[in-house]
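One structure is given here, and the rest of the page talks about it.
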Amino acid sequence: MNTMMNTPLTMQVLMDRGPLISPNVEIVSKMRDRVHRYTYADLGKRARQLANALAKLGVKQGDRVGTLAWNGYRHLEIYYAAPCMGAVLHTLNLRLSAEQLAYVINHADDSVICVDEDLLPLIEKIAGEIKNVKHFIVMSNTGEFKTTLAPAHDYDKLLAAESIEFAWPELDENSPMGLCYTSGTTGNPKGVMYTHRSNYIHTITGGLPDLLGLTSTDTIMAVVPMFHANAWGMPYIGTMLGIKQVFPGPTMDGASVCQLIQDEKVTYTGGVPTIWLGVMNELQHSPGKYDLSSLRTMICGGSAPPRAMIDWFEANLGVDFIQAWGMTETSPLGTVCRIKPHMKEWPRDRKLDVKQRAGLPAPGLEIRIVDDNFDEVPHDGQAMGRLLVRGPWIASTYYREEPTSDKFPHGWLDTGDVATIDPEGYMAIADRSKDLVKSGGEWISSVDLENAIMAVPGVAEAAVIAVFHSKWQERPLACVVRKPGADLTKEIIYDHLGKHFANWWMPDEIVFIDSVPKTSVGKFDKKVLRNQFAEHKLETEE
Ligand code: ADP
């Protein structure tokens, strides 16, 4: 006989915990022209006012509420109110093309869109194509915005007219609460619909010491955008724990991030490698300018952080630089790299070998690496296989699409990543399967080569792509960006690579480029590079 309560796993009880236990703790948002501060008590009240306003505009349970916004307190209010009232938070990626943005809004069938004033032009441009959107709510700092969108409401004025009381409805834990689209590096973006249950378990698990490891004594700053896989769950975990949260707004360059960490005494921050490369450059160019001694942990995911960067931050800031792996389809936390106790005393280089890996699976998830017959490949840290994952916060299908057996084989998610697992259980991403260099039937990891090249002094960025070769089908081409003024030659790079890789892994050619193209979430966009070098004839071809 089951003797336990069957209370539904809904986000309401987690979100309300912040205002309940930390009413006076601050939420700080950097705006373009000033810094906005208020408390969790204010957040709780405004989330309820927003729920009242949305209900008056006709938003019902299950309806999608779109957001096109930077990281800030109003965005957090929508993160809070939409799911708790039974609607669905749909975060729109503001770096999508106009065509993709219209596609995503229509595919999701958003009924309302909340948009930051400075992002209005992005929506105005596609207004004629998104006819099902019933209301636009403008988040303006002056209250004096002008727009061609109709009907358009002022966010703050809507809230001001509403009561701070709102009784959250009883919800089924399997009801939808959040919708994110993959950034669609190939084909149309695909939607992943999170449920209260999936996000509840993800939120509680994500805060654990061996995962993000957050406590109420922290001050957290998600630099990763709130439109990118829910900022890795940080706004939810932060609110559940009543942690002081700092939002960087639209300015995410190295100098602005450093200044905000110093001013708000941020202890914990998360972002993609591109952000941290910017911060590292700023600190290297302005030694002594910032006091970042409050910082204890930096989480980095979305693509592989270069080893040299992990080393630099740990050596120079004394922080724990933690790599994580995940994807929109995994809510997104999949693996997090934490050093085991017996590794603590290992020499620095050996510890970095571990830190360079994507980490151990989150409790509750299972991961496998398999060959094309779905047979497990050895966990020796060398053998590469397709990475599969399953668990209660992993997508089982895409929104409004039939599950396909290539993406969701036998009840697992095929991540599209190729990975290794070492005997200690640490997973490392070797590549996205489409980025692997398939040379004469053998696989070369572009990520490993990039990492090694980015450790060479004078290299700012490096991306390795596969280029057609008449004998080997594909061979690696390294596209390297020099640091300004660096005295960097191809020979220096080849010398360095020669110390780490077998001959057949060596790039056939190194070309110097001005910058590596980036995707909408700041990752290296190898599709663009591949197109650029599609007709390239390698020097090694006769
Ligand atoms: P998109 O597919 O649009 O880039 P996601 O943010 O969902 O959107 O990307 C997930 C992918 O990012 C993963 O499948 C993986 O290829 C890559 N990724 C995430 N974290 C890491 C990491 N730590 N190391 C290498 N690749 C990573």
Side-chain angles (χ1 to χ4, degrees), residues 91-97 100 104 178-192 194 211-212 222 224-233 270-276 298-307 309-310 321-338 354-362 367 369 384 386-389 393-395 398-399 407 412-421 426-436 445-451 454 463-464 517-528:
T91 49
L92 292 160
N93 181 339
L94 54 90
R95 299 209 178 87
L96 290 182
S97 66
Q100 284 181 325
V104 163
L179 180 59
C180 285
Y181 282 73
T182 61
S183 19
T185 23
T186 50
N188 273 329
K190 292 192 176 357
V192 178
Y194 311 116
L211 294 187
L212 294 191
V224 52
M226 290 169 86
F227 58 77
H228 184 199
N230 286 331
W232 305 343
V272 295
T274 318
I275 294 289
W276 303 135
M298 299 170 80
I299 292 277
C300 185
S303 48
R307 178 190 181 99
M309 184 171 81
I310 305 177
F321 193 98
I322 304 283
Q323 175 169 185
W325 165 87
M327 50 201 304
T328 304
E329 291 87 333
T330 66
S331 291
L333 293 174
T335 67
V336 178
C337 191
R338 296 262 174 197
V354 180
K355 292 220 144 193
Q356 216 186 324
R357 305 183 71 83
L360 301 166
I367 60 172
I369 44 170
M384 297 180 203
R386 288 158 60 188
L387 178 67
L388 308 184
V389 56
W393 62 89
I394 308 298
Y398 288 113
Y399 183 54
K407 195 65 199 169
W412 293 75
L413 167 74
D414 187 333
T415 61
D417 287 328
V418 171
T420 62
I421 297 180
Y426 288 84
M427 186 273 282
I429 300 291
D431 236 323
R432 286 196 148 186
S433 50
K434 56 181 181 294
D435 292 339
L436 267 181
S445 156
S446 66
V447 173
D448 286 356
L449 286 172
E450 286 160 7
N451 240 312
M454 284 193 272
V464 172
K518 309 279 182 333
T519 70
S520 61
V521 289
K523 302 185 193 187
F524 288 178
D525 196 341
K526 297 203 199 171
K527 194 177 53 165
V528 172

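Both ligands and their constituent atoms are indexed starting at 1 by order of listing.
With rounding to the nearest 0.5 Å, the separation of CZ in Arg432 from NZ in Lys526 is 10.0 Å. To the nearest 0.5 Å, atom CE of residue Met384 and atom CG of residue Asp417 are 13.0 Å apart. Separating the CG atom in Leu92 from the SG atom in Cys180 is a distance of 10.0 Å, to the nearest 0.5 Å. Taking CD of Gln323 as the start and CD1 of Ile429 as the end, the distance is 8.5 Å to the nearest 0.5 Å.
Proximity of Asn230 to Tyr194: side-chain heavy atoms (C-beta onward) are separated by under 4.5 Å at one or more points. In this structure the side chain of Asp414 reaches within 4.5 angstrom of the side chain of Arg386, judged on heavy atoms. Side-chain contact between Tyr426 and Leu360 is present, with heavy atoms from C-beta onward closer than 4.5 Å. Val272 is not listed as a side-chain neighbour of Val521, based on a closest heavy-atom distance of 4.5 Å or more.
Every atom of ligand 1 with a heavy atom of Thr328 under 4.0 Å away is listed here by number and element: 5 (P), 7 (O). Set against the non-hydrogen atoms of His228, the atoms of ligand 1 under 4.0 Å away are 6 (O). Those atoms of ligand 1 with a heavy atom of Ala324 less than 4.0 angstrom away are 20 (N), 22 (C), 23 (N). Using a 4.0 Å cut-off to heavy atoms of Gln323, the atoms of ligand 1 that qualify are 22 (C), 23 (N), 24 (N). Short contacts between ligand 1 and Met327, defined as distances under 4.0 Å to a heavy atom of the residue, involve ligand atoms 7 (O), 10 (C), 14 (O).
Residue Ala229 places every heavy atom at 4.0 Å or more from ligand 1. Between Gly416 and ligand 1 there is no heavy-atom distance shorter than 4.0 Å. In this structure, Val521 has no heavy atom closer than 4.0 Å to ligand 1.
The shortest N or O to N or O distance between Gly302 and ligand 1 is below 3.5 Å. Polar contact with ligand 1: absent for Gly301 (N/O pair, distance under 3.5 Å).
Nearest to atom 10 (C) of ligand 1 by heavy atom, out of Glu329, Arg432, Lys190, Met427, is Arg432. Nearest-heavy-atom check against atom 25 (C) of ligand 1 across Cys300, Ala304, Ala430 picks out Ala304.
Asp435 and Ser446 share no side-chain donor-acceptor pair at under 3.5 Å.
Neither the backbone nor the side chain of Pro332 comes within contact range of ligand 1; no heavy atom lies under 4.0 Å.
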